[in-house]
Amino acid sequence: GRRGARTGRPRWLVPLLAAVTAVALLIAGGALAVLTGIGADRPPVESSVDAGFARDMSTHHSQAVRMAQAVRDRGTDPKLRLLAFDVETQQLGQIGQLRGWLQTWGLTPQSDLPPMSWMGEDMHAHPGEGGLMSGMATTTELDRLDALSGRPLEVYFLQLMIRHHQGGLEMARYGAAHAAEPYVRDLAAKIVAAQQAEVVTMEQLLRQRGGRPLS
């Protein structure tokens, strides 16, 4: 099409490159997880904070990646598309680490334990609508995001992602404080720092577009 001619790249090339990059990030994260997880005398067990954090944060991150891809592909603001790309690439690498740890520990990516059950009652770790983890978007909200484009898409993305990060921060703070493995606590602390900064940036971008955070 005309767009492909202007950029010198066929229209199908961008999603293909994105898919290849996603696989590479997951592999790189998994390799790092193996290096950090090798040698543990007593790897985390099924009900541990470490295992629960790895599982739930991986699932939480996966939805953030999905939402970021919508803005990367259909957004019009270069600054916001760059933010979405940063969220996508950073969290894909972390998903690789989290899943790699589970494999190294001899645990499965899924569990029959309720979401966020590895967190204490004092953290008010109660799933939201449909049993979703704190901050996660519902199917209806994701469908709405997929139906939007341009400025409305960007505003709604910011609203969903701010709430999503706030829910992720709750889990990351608990993981940073209570995980048994030092490398798990370290990643959780890095997630806290990164997402706190991104929330500040996204709130500013949302205000600039006349939007307000979701409840």
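Side chains included, hydrogens not; waters and symmetry mates left out as well; all remaining heavy atoms used.
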R55 and its side-chain contact (heavy atoms from CB on, under 4.5 Å) partner, picked from H60, E46, R99: E46
Closest non-hydrogen atom pair between A51 and S48, with its separation: N-OG, 3.1 Å
Single-linkage hydrophobic cluster, 4.5 Å side-chain cutoff, L206 and L145 together: yes
Cluster link L98 to V192, ILVMFWY, side chain under 4.5 Å: no
L80 side chain near R151 side chain, heavy-atom distance below 4.5 Å: no
Euclidean distance, S47 OG relative to W118 CH2, rounded to 0.5 Å: 13.0 Å
Heavy-atom side-chain contact between V65 and V87 under 4.5 Å: no
Interatomic spacing from CD in Q94 to OG in S58 - rounded to 0.5 Å: 10.5 Å
Exercise: identify the closest heavy-atom pair between L83 and L158: CD2-CD2, 4.4 Å
Donor-acceptor under 3.5 Å (R185 side chain, A177 main chain): no
Y156 versus R144, closest heavy-atom pair with distance: CE1-NH1, 3.2 Å
Pairwise side-chain contact, H164 with M161, heavy-atom cut-off 4.5 Å (strictly under): yes
Y183 reachable from L107 in the ILVMFWY side-chain graph, under 4.5 Å edges: yes
Cluster link V184 to I191, ILVMFWY, side chain under 4.5 Å: yes
Heavy-atom donor-acceptor pair, R81 side chain to R72 backbone, under 3.5 Å: yes
Considering all heavy atoms, the nearest A188-G175 contact: CB-C, 3.8 Å
Shared hydrophobic cluster for L169 and M171 (ILVMFWY, side-chain gaps under 4.5 Å): no
Rounded distance [0.5 Å steps], CD in Q90 versus CD in E198: 5.5 Å
Between S149 and R74: side-chain donor-acceptor atoms closer than 3.5 Å: no
Within-4.5 Å side-chain heavy-atom neighbours: L214 and I162: no
D50 side chain vs P44 backbone, donor-acceptor pair below 3.5 Å: no
Heavy-atom check, side chain of T104 versus side chain of P43, under 4.5 Å: no
From CD1 (I95) to CE (M57), nearest 0.5 Å: 10.5 Å
Under 3.5 Å: donor-acceptor pair, side chain of Y174, backbone of G120: yes
Among H165, Q159, R207, Q195, side-chain contact (heavy atoms from CB on, under 4.5 Å) partner for M202: H165
Least distance between heavy atoms, T108 atom then Q110 atom: OG1-O, 2.6 Å
Short side-chain to backbone donor-acceptor contact, R209 and L205, under 3.5 Å: yes
Residues, nucleotides or ligands: over 12 heavy atoms within 6.0 Å of Q196 CD: yes
Backbone N/O of T76 and side chain of E154: donor-acceptor pair under 3.5 Å: yes
Separation between CG of D56 and OG of S117, rounded to the nearest 0.5 Å: 7.0 Å
Separation between CG of D146 and CE of M67, rounded to the nearest 0.5 Å: 11.0 Å
Test item: E170 and M119 side chains (from C-beta on) under 4.5 Å apart, heavy atoms: yes
